[in-house]
Amino acid sequence: MSKKTKLTASIGDQTLRLLTLLMAISVLVLMFWMGWQMFQSAGPSIDKFGFGFITGRVWDPVKEQFGALPFIYGTLMTSLLALLIATPIGLGVAIFLNEMAVTKVRMVVAFLVEMLAAIPSVVYGLWGIFILAPWLRETIQPALAKWFGFLPLFQGTPLGFGMLAGGLILAIMILPTIAAISGEVMAAVPNEQREAALALGATKWEMIRIAVLPYAKSGILGGIMLGLGRALGETMAVTMLIGNRPDILPSLFAPAYSMAAVIANEFTEATYDLYLSALVEIGLILFGITLILNVFARLLVWSVARGPKGGIS
Amino acid sequence: MGHSLSVRNLEAWYGSNKTLKGINMEIAPNQVTAIIGPSGCGKSTFVRCINRMHETLPGTKVKGEILLDEESIYDRDPVALRKMVGMVFQKANPFPSMSIYENVVAGLRLNGMKNKQTLHASAEKSLRMAALWDEVKDRLNYSGMSLSGGQQQRLCIARALAVEPSVLLMDEPASALDPIATTHIEELIRQLKENYTILIVTHNMQQAARIADSTAFFLNGELVEHGPTSEIFTNPNDKRTEDYITGRFG
Ligand SMILES: Nc1ncnc2c1ncn2[C@@H]1O[C@H](COP(=O)(O)OP(=O)(O)OP(=O)(O)O)[C@@H](O)[C@H]1O
Ligand SMILES: [Mg+2]
């Protein structure tokens with residue numbers, strides 16, 4: 001190789017490095033800039049309510065009273081509910097597809113699960129309004145109240161619309177994410193691992209428990225976190241089902257409100273600066289919660305993935 | 001006591017590729033039987049049929065009969081069978097999320113063993129037998145992946161020994177070992193045969209000559225010759241065996 005080509009190659013590498021570095025930085029800058037802009041726009045609300053905005057329970061635009069707690073509560077409760085329902089089912093689907101089903105069934109079901117992810121959220125919302133909510137009101141909620149009515153979670157009038165409906169629709173929406181990602185990481189588990197377990201006299205389930213799941217766990221956690229991210233930010237389907245009332249009630253049957261939903265619903269009606277800035281501040285809080293949860297999730301994945309001492313991952 | 005194996009007309013497929021073409025073989029109890037043959041002749045496939053591991057791969061097929069103590073392995077529950085017929089794989093496969101200790105006792109835990117003392121005693125015994133104890137005794141809670149390739153291979157041997165099977169299938173257990181560790185493992189195999197029936201696949205003919213009571217030569221999915229090791233190596237019946245042993249092919 002001549003000196004000249006060597007030089008250009010190294011210049012090429014340098015340029016590439018600079019370019020990619022620039023792109024990486026631009027993402028960071030964009031994020032900080034967005035945060036800063038939101039912080040600025042939320043100024044009036046931050047100045048007026050201070051920290052009380054986060055703990056405030058009253059949201060009354062007529063009296064210029066703004067507190068974000070009901071929305072934070074609604075978002076966290078519905079997302080948590082969605083995770084609690086979608087994680088075991090999603091994992092079950094992934095295990096079934098990867099470890100149990102014959103190839104044909106696997107292909108069909110995997111395709112259907114992927115289809116679930118492609119449905120627009122407004123369609124989910126419509127389905128929720130016309131099918132899920134009436135079904136909850138007439139069948140599920142009365143049954144829950146009958147059997148588990150001693151828990152505050154399942155008390156009150158069965159309305160159909162409310163946190164249960166919001167959480168369920170979110171669960172259905174994040175199920176494909178969790179199932180697809182868990183399925184992919186399980187498929188990536190080397191077959192030697194399965195054989196190691198089987199050769200020791202493991203049953204199929206024991207093989208999954210000692211060889212497949214531990215090997216795939218950090219990827220599975222990643223999938224769950226991606227699902228959580230989607231649930232936190234989902235707007236349309238939730239607002240169509242959650243009842244849109246800024247209350248903090250213990251019952252899952254009760255209507256509630258979510259951060260994303262209130263921003264979408266009230267942004268066009270925000271007639272004065274303080275109102276508008278309060279909505280922006282809710283956006284800022286949602287931004288912050290997502291960020292914190294993601295950092296937390298990262299740490300979790302790291303600590304779980306590390307495993308015993310001296311490992312490589 | 002070890003158990004006898006009797007293989008009758010065993011055929012095995014990967015998809016449409018017929019890998020074993022009718023194997024008939026008697027494997028005596030409490031003996032070491034070595035399987036030799038060129039790469040790709042079906043040695044691994046053969047031993048993987050004996051603990052019914054072959055049929056766990058999609059698209060595979062097995063025909064014929066394998067009797068373990070006169071009873072067909074296909075009439076037995078594969079899970080119970082594999083507890084009786086242990087296996088050391090050609091490629092070391094420790095569980096990466098488990099520590100060295102957990103790897104060794106994994107099989108015992110599957111059997112419901114909970115007693116700490118028993119587990120620990122068994123782990124030490126198995127690791128000593130696999131000639132790994134001295135190297136790992138101070139870091140039993142380290143990841144199994146923190147070991148070298150040869151150490152991982154011995155870890156897998158220890159893991160298979162811990163459940164005390166009565167038949168042991170070893171697919172090139174010494175392929176990644178240095179001469180000292182190899183000597184240890186060969187010594188171990190000689191000791192084990194008091195209680196175990198051992199089937200060992202090896203590419204190392206000196207090794208087969210050193211440890212095996214009988215040797216079987218495989219070629220292209222067929223059993224060419226099976227007899228006492230000394231006979232196979234000094235006075236083979238088949239020309240192909242002789243060619244292989246004298247290094248004329250393979
Ligand atoms: N998983 C598999 N899928 C398809 N074909 C396979 C598979 N494993 C082995 N085979 C084929 O079966 C034949 C026998 O393979 P096997 O692994 O039993 O050989 P071997 O004698 O153990 O060879 P080696 O000494 O290299 O380990 C080979 O021709 C190989 O191509
Ligand atoms: Mg092999």
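Treat the numbers as computed from the prediction; the structure is a model and nothing was measured. Chain identifiers are assigned alphabetically (A, B, ...) following the order of the sequence lines, protein sequences preceding nucleic acid strands; residue numbering begins at 1 within each chain.
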To check you understand the geometry: which heavy-atom pair defines the closest contact between [X] and [Y], and what is its length?
X	Y	answer
A/E195	B/M53	O-CE, 3.7 Å
A/A197	B/L110	O-CD1, 4.4 Å
B/N93	A/A196	ND2-CB, 3.4 Å
A/Q193	B/P94	NE2-O, 3.0 Å

Residues, nucleotides or ligands: over 12 heavy atoms within 6.0 Å of [X] [atom1]:
X	atom1	answer
B/K137	NZ	yes
B/Y74	OH	yes
B/Y14	OH	yes
B/K125	NZ	no
A/F150	CZ	yes
A/M100	CE	yes
A/R209	CZ	yes

message: Is any side-chain heavy atom of A/L200 closer than 4.5 Å to one of B/R82?
response: no
query: Hey, are the side chains of B/S97 and A/K217 touching, using non-hydrogen atoms and a 4.5 Å cut-off?
result: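 A side-chain contact exists here, since the closest heavy-atom pair is under 4.5 Å.
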With a 4.5 angstrom heavy-atom cut-off, which part of [X] approaches chain A: side chain, backbone, both or neither?
X	value
B/F95	both
B/R48	side chain
B/L57	side chain

Straight-line distance of A/E192 CD to B/Q90 CD, nearest 0.5 Å: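 Rounded to the nearest 0.5 Å, the CD-CD separation comes to 10.5 Å.
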query: Any idea which of A/L198, A/I210, A/T203, A/N191 has the most non-hydrogen atom pairs under 4.5 angstrom with chain B?
result: A/L198
query: Between B/R139, B/E102, B/K91, which has the largest tally of heavy atom pairs under 4.5 Å with chain A?
result: B/K91
